[in-house]
**Student:** 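After the structure tokens below, expect a handful of questions from me.
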Amino acid sequence: MDVSVDGTENFVIGVDYGTLSGRAVVVRVRDGQELGSGVFAYPHAVITDELPEDTAGDAGIRLPGEWALQVPNDYRDVLRYAVPAAIADAGINPAAVVGIATDFTACTMVPVKADGTPLNEVTEFARRPHAYVKLWRHHAAQAQADRINTLAAERGETWLPRYGGLISSEWEFAKGLQLLEEDPDCYAAMDHWVEAADWIVWQLCGNYVRNACTAGYKGIYQDGRYPSEEFLAALNPRFKDFVSTKLQHTIGRLGDAAGYLTAEAAAWTGLPEGIAVAVGNVDAHVTAPAARAVEPGQLVAIMGTSTCHVMNGAELHEVPGMCGVVDGGIVDGLWGYEAGQSGVGDIFGWFTQNGVPPEYHQAAAARGLGIHEYLTELAAGQAIGEHGLLALDWHSGNRSVLVDHELSGIVVGQTLATKPEDTYRALLEATAFGTRTIVDAFRDAGVPVKEFIVAGGLLKNELLMQIYADVTGLQLSTIGSSQGPALGSAIHAAVAAGHYPDIRAAAAAMGSEPGGVFTPVPENVAAYEALFREYRTLHDYFGRGTNEVMHRLKAIQRDAVRPLFPAGVSA
């Protein structure tokens, strides 16, 4: 199954769409060897302040707080530039490529016309913020999420416990309801409310197929159905037919072919027309096969700007505060569990950009180090607790287990003697405490965590990995591939092309060998246990209703900062 009929090698392409860039990897079908890669940074990055002049037609269209938009054509450009670059880097004949698969951040939503044209590319909507892609970290639909949660709890909706009792503002229904209520013209003009994971597959093969992963985790699709029209009408009468007119579509099984590469997409990528295009998937979930973590109890944390925790389980359990549990959400035959932290690498990046004085940047440059490497080196020399600080990792809100994006970050214990490396280490530790909270929630609900595997861009920070091992008390291994999601997509491409019977078989042959292994140090585990108890006290005090100051501050902020929109433009 690993070579073509004429005996030549076969290859597949995996494309990983991240928050700031898209990465393509050429992978050999026979053994999963990564032969070449290409990266394309989105020209418009993440739009948080105002619409870009080149897409909006004129400047001055400012955005409210908590917004995060993207430009869909940036995603097409990944196909035009990163894929050919990867092929050139690998030095292979493109004719030997048999399939392509993609993964995406989620929940990232694109409002489109019937033919797949994004609404922002329709001239009359180019100046409307709601016509653009709502990135996963668009958190401005919290009010809509709160209403969904309250109503679902009051009505005893059976699907709510599958999501830990709370629906996130990041997901399809909350963002869709926000669009309807804030810009009904855009909502009316939109024919489909599409996950970016499915939109990019549509661009590749000409077929719109919803993937089972995002439908289950982000689209409240459980046991073969969505929330009822009665429920949706109770939220807003105009929202009654949201599922039937905007959302519902054919759902494709993970690893299946959604279609075959069109002539247009073949011209973009330099790949052969007619090769298999796999059903879309989420960056986190697709990484599990790349890490060979397809059995129950293997928790995979994909650590980058945010962290997503995914794991298979043999049984269905309702875990409070989880992002969801979906039958076959990762691999067929098992329940796929998901949890996450909305801010991890983003928090570290924010601190280096805004909390570190120039002399530290200069010292790092003089040593030939990046600022993260320099701060990590300084922080590594400290004893646990030496900095006297404790932080909450909520700078982008809390995804699990509180599911509340109105929460915000905090650092306790700062004095006039506090140094940047102290705060940096406290933030590293805070994210580890957040992961420990998730691990404990799984275990308390009867879902055992047996292994802890890390993938993503942050695994190269050895101090961070050791902190996570010590805080969780779990032996931690890192995936050997630096492109875990792209490799995972390539594995799905090989299955879609018919070279393996299923994801398990492909993962066994193509998955990455482990990288580094980090073992908990008993004295460190004990030291962190004391700090974690303090973290949990702060966590519950600010996150479970004892003190709502963070929510009140958000409300004050919204009242103080009013966005300025040109006449006729809706927020």
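Residue indices begin at 1 and follow the sequence shown.
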**Student:** Inspect the contact between D346 and R137 and indicate whether a charged nitrogen and a carboxylate oxygen are less than 4.0 angstrom apart.
**Tutor:**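 Salt bridge between R137 and D346, a charged N being under 4.0 Å from a carboxylate O: yes.
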
**Student:** Supply the atom-to-atom distance R127 CZ to N120 CG, rounded to the nearest 0.5 angstrom.
**Tutor:**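 Between atom CZ of R127 and atom CG of N120 there are 14.0 Å.
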
**Student:** Decide if atom NZ of K240 counts as having more than 12 heavy atoms of other residues, nucleotides or ligands within a radius under 6.0 Å.
**Tutor:** no

**Student:** Tell me whether the rings of Y208 and H192 are parallel (<30°), tilted (30 to 60°) or perpendicular (>60°).
**Tutor:**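 Plane angle over 60°, so perpendicular.
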
**Student:** Would you say the side chains of H139 and E170 form a donor-acceptor pair under 3.5 Å?
**Tutor:**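 Distance-only check passes for H139 and E170.
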
**Student:** List the steps, then state whether side-chain contact (heavy atoms from CB on, under 4.5 Å) holds for V83 with V15.
**Tutor:** CA-CA 8 Å; V83 173; V15 186; 4.0 Å; yes

**Student:** Find out whether V29 and Y500 are in side-chain contact, i.e. whether some heavy atom of one side chain is under 4.5 Å from a heavy atom of the other.
**Tutor:**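 Of all side-chain heavy-atom pairs linking Y500 with V29, at least one is under 4.5 Å.
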
**Student:** Determine, for R128 against D183, whether the closest basic-nitrogen to carboxylate-oxygen distance falls under 4.0 angstrom.
**Tutor:**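 Looking at R128 and D183, the cut-off is met.
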
**Student:** Under 4.5 Å between any side-chain heavy atoms of L334 and I330, yes or no?
**Tutor:**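 No, too far: nothing below the 4.5 Å cut-off.
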
**Student:** Between Y17 and Y42, what is the ring plane arrangement, given parallel below 30°, perpendicular above 60°, and tilted in between?
**Tutor:** parallel

**Student:** Heavy atoms, side chains only, cut-off 4.5 Å: are F173 and L247 in contact?
**Tutor:** yes

**Student:** Where does the angle between the aromatic ring planes of Y81 and F40 fall among parallel (under 30°), tilted (30 to 60°) and perpendicular (over 60°)?
**Tutor:**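 Correct class here is parallel.
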
**Student:** Find out whether V194 and M109 are in side-chain contact, i.e. whether some heavy atom of one side chain is under 4.5 Å from a heavy atom of the other.
**Tutor:** no

**Student:** Between the side chains of T19 and W136, is a donor N or O closer than 3.5 angstrom to an acceptor N or O?
**Tutor:** yes

**Student:** Just by distance, do the side chain of S512 and the backbone of G480 share a donor-acceptor pair under 3.5 Å?
**Tutor:**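 Flag set: sc S512 to bb G480 pair under 3.5 Å.
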
**Student:** Does either side chain, that of Q483 or that of D16, offer a donor lying less than 3.5 Å from an acceptor on the other one?
**Tutor:** no

**Student:** Which value, rounded to the nearest 0.5 Å, describes the distance between C186 atom SG and H130 atom NE2?
**Tutor:** 7.5 Å

**Student:** With a 4.5 Å cut-off on side-chain heavy atoms, are Y132 and F125 touching?
**Tutor:**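 F125 does not reach Y132 side chain to side chain.
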
**Student:** Measure the spacing between CD of Q178 and CD of Q144 and express it to the nearest 0.5 Å.
**Tutor:**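 One gets 5.0 Å once the value is rounded to the nearest 0.5 Å.
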
**Student:** Tell me yes or no: between the side chains of N211 and N281, is some donor less than 3.5 Å from an acceptor?
**Tutor:**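 No - no donor-acceptor pair under 3.5 Å links their side chains.
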
**Student:** R504 and D332: salt bridge (charged side-chain N to carboxylate O under 4.0 Å, His left out), yes or no, with the steps?
**Tutor:** CA-CA 9 Å; R504 279 191 175 90; D332 277 347; over 6 Å; no

**Student:** Quick check: does any side chain N or O of K134 sit under 3.5 Å from a backbone N or O of L179, one acting as donor and the other as acceptor?
**Tutor:**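 Not at all, since once roles are kept as given, no pair shorter than 3.5 Å links the two residues.
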
**Student:** Answer yes if the ring centres of Y217 and H285 are under 6.0 angstrom apart, and no otherwise.
**Tutor:**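 Between Y217 and H285, the centre distance is under 6.0 Å.
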
**Student:** Using only heavy-atom distances, determine whether the side chains of E66 and Q142 contain a donor-acceptor pair under 3.5 Å.
**Tutor:** no

**Student:** Strictly by modelled atom types, are Y75 and Q70 linked by a side-chain donor-acceptor pair under 3.5 Å?
**Tutor:**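 Q70 and Y75 do have a side-chain donor-acceptor pair below 3.5 Å.
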
**Student:** With a 4.5 Å limit on heavy-atom distance, are the side chains of L271 and I13 in contact?
**Tutor:** yes

**Student:** For residues D103 and S489, is any side-chain donor paired with an opposing acceptor at under 3.5 Å?
**Tutor:** yes

**Student:** Between atom CG of L160 and atom CG of N149, what is the distance when rounded to the nearest 0.5 Å?
**Tutor:**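 Here the rounded value is 6.0 Å.
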
**Student:** Looking at W193 and E172, would you say the former's side chain and the latter's main chain have a donor-acceptor pair under 3.5 Å?
**Tutor:**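 Yes, the answer is positive, given that a donor and an acceptor are paired below the 3.5 Å cut-off.
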
**Student:** Using modelled atom types and a 3.5 Å cut-off, is there a donor and acceptor pairing between side-chain atoms of K460 and backbone atoms of S482?
**Tutor:**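 Flag not set: sc K460 to bb S482 has no pair under 3.5 Å.
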
**Student:** Pair W159, F231 - check ring pair (Phe, Tyr, Trp, His ring centres under 6.0 Å), show working.
**Tutor:** CA-CA 12 Å; W159 45 261; F231 175 80; 5.3 Å; yes

**Student:** Examine the side chains of Q341 and R399 and answer whether a donor and an acceptor come within less than 3.5 Å of each other.
**Tutor:**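 There is no such pair (donor and acceptor under 3.5 Å, judged by atom type) between the side chains of Q341 and R399.
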
**Student:** Indicate yes or no: at least one non-hydrogen side-chain atom of E338 is less than 4.5 angstrom from one of H309.
**Tutor:** no

**Student:** Look only at the side chain of T287 and the backbone of D283, and say whether a donor-acceptor pair between them is shorter than 3.5 Å.
**Tutor:** yes

**Student:** Treating D31 as the side-chain partner and Q33 as the backbone partner, does any N or O pair qualify as donor plus acceptor under 3.5 Å?
**Tutor:**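 Checked: pair present.
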
**Student:** What distance separates Y187 OH from E181 CD, expressed to the nearest 0.5 Å?
**Tutor:** 10.0 Å

**Student:** Is the shortest heavy-atom distance from the side chain of R292 to the side chain of E513 under 4.5 Å?
**Tutor:**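 SC-SC contact between R292 and E513 confirmed.
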
**Student:** Under 3.5 Å, is there a donor-acceptor pair between the S481 and E34 side chains?
**Tutor:**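 On atom types as modelled, these side chains qualify, holding a pair under 3.5 Å.
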
